[in-house]
Amino acid sequence: MIGKNIQEIRIKKGLTLSELAEKANISKSYLSNIERELNDNPSIQVVEKISKVLGVDFRTLLGTNKENNKLENDYIDLIKELVEIGIGREELREYKKVFEFVKWKNSKNY
């Protein structure tokens, strides 16, 4: 499981096996063995190195952070939708006060 998670995220990030291994300061063959699940029990130190390079929480690589992944994906989908309708980062910041008001108003209803 961990090997497939690493491989999937690595590919999504556009990194080669060699690039990830070099940036994480582990051997390419060791990383390859992890991804192919020939070594399915890497040390936590290795998992932390890989997660830092990939920019994800190490629990994501372990497969114990599925709820957060879903939440992150939901936010990513929302951002994509906003971009598609022409709302960029600056426009979104302009709506921050509206969001704060709605949050405040909803808190008063309980």
Side-chain angles (χ1 to χ4, degrees):
M1 172 62 83
I2 187 171
K4 296 298 178 197
N5 291 341
I6 291 170
Q7 184 179 46
E8 180 180 308
I9 295 168
R10 174 181 62 77
I11 291 169
K12 283 182 183 175
K13 300 278 183 171
L15 292 171
T16 66
L17 191 72
S18 298
E19 290 170 331
L20 177 56
E22 183 178 325
K23 290 178 181 186
N25 198 26
I26 60 176
S27 75
K28 180 180 172 181
S29 62
Y30 184 56
L31 179 57
S32 176
N33 285 344
I34 294 171
E35 283 193 1
R36 292 181 294 139
E37 299 185 349
L38 298 176
N39 178 347
D40 60 356
N41 193 21
S43 71
I44 193 67
Q45 291 84 6
V46 169
V47 174
E48 285 179 335
K49 287 180 179 182
I50 293 169
S51 70
K52 284 181 184 176
V53 173
L54 294 175
V56 298
D57 188 278
F58 77 94
R59 290 173 291 200
T60 300
L61 299 181
L62 298 175
T64 60
N65 206 15
K66 295 296 183 191
E67 186 173 309
N68 286 346
N69 284 344
K70 168 116 176 65
L71 183 61
E72 287 175 15
N73 289 337
D74 288 346
Y75 279 112
I76 290 170
D77 290 342
L78 174 62
I79 290 168
K80 287 178 183 176
E81 289 177 33
L82 292 171
V83 169
E84 286 174 7
I85 62 172
I87 296 177
R89 183 176 291 160
E90 290 306 314
E91 291 87 2
L92 193 56
R93 284 192 178 114
E94 291 175 17
Y95 289 106
K96 182 178 179 187
K97 289 189 189 302
V98 174
F99 298 139
E100 289 171 348
F101 174 76
V102 170
K103 182 179 176 183
W104 172 82
K105 184 178 175 193
N106 287 339
S107 72
K108 297 297 181 191
N109 290 334
Y110 294 106

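- Here CG of L17 is found 10.5 Å from CD1 of I6. Values are rounded to the nearest 0.5 Å.
- Rounded to the nearest 0.5 Å, atoms CG (L61) and CD1 (I2) are 6.0 Å apart.
- Rounding to the nearest 0.5 Å gives a distance of 11.0 Å between CD of Q7 and CG of L20.
- K28 places no side-chain N or O within donor-acceptor distance of the main-chain N or O of A21, the cut-off being under 3.5 Å.
- Taking a cutoff of 4.0 Å between a charged side-chain nitrogen and a carboxylate oxygen, K52 and E48 do not qualify as a salt bridge.
- Here the CD1-CD1 distance, from I11 to I9, works out to 11.0 Å after rounding to the nearest 0.5 Å.
- Atom CG of L31 and atom CZ of R36 lie 10.0 Å apart (nearest 0.5 Å).
- Using a 4.5 Å heavy-atom cutoff, the side chains of L92 and F99 are in contact.
- For CD of E22, the number of neighbouring non-hydrogen atoms (other residues, nucleotides, ligands) closer than 6.0 Å is 12 at most.
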Trace of the salt bridge (charged side-chain N to carboxylate O under 4.0 Å, His left out) decision for E8 with K12
CA-CA 6 Å; E8 180 180 308; K12 283 182 183 175; 3.4 Å; yes
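- The CD1 atom of I87 sits 5.0 Å away from the CG atom of L82 when rounded to the nearest 0.5 Å.
- Salt bridge E100/K103: absent, no basic N to carboxylate O contact under 4.0 Å.
- Two residues are said to be in side-chain contact when any heavy atoms from C-beta on lie closer than 4.5 Å; L15 and V53 meet this criterion.
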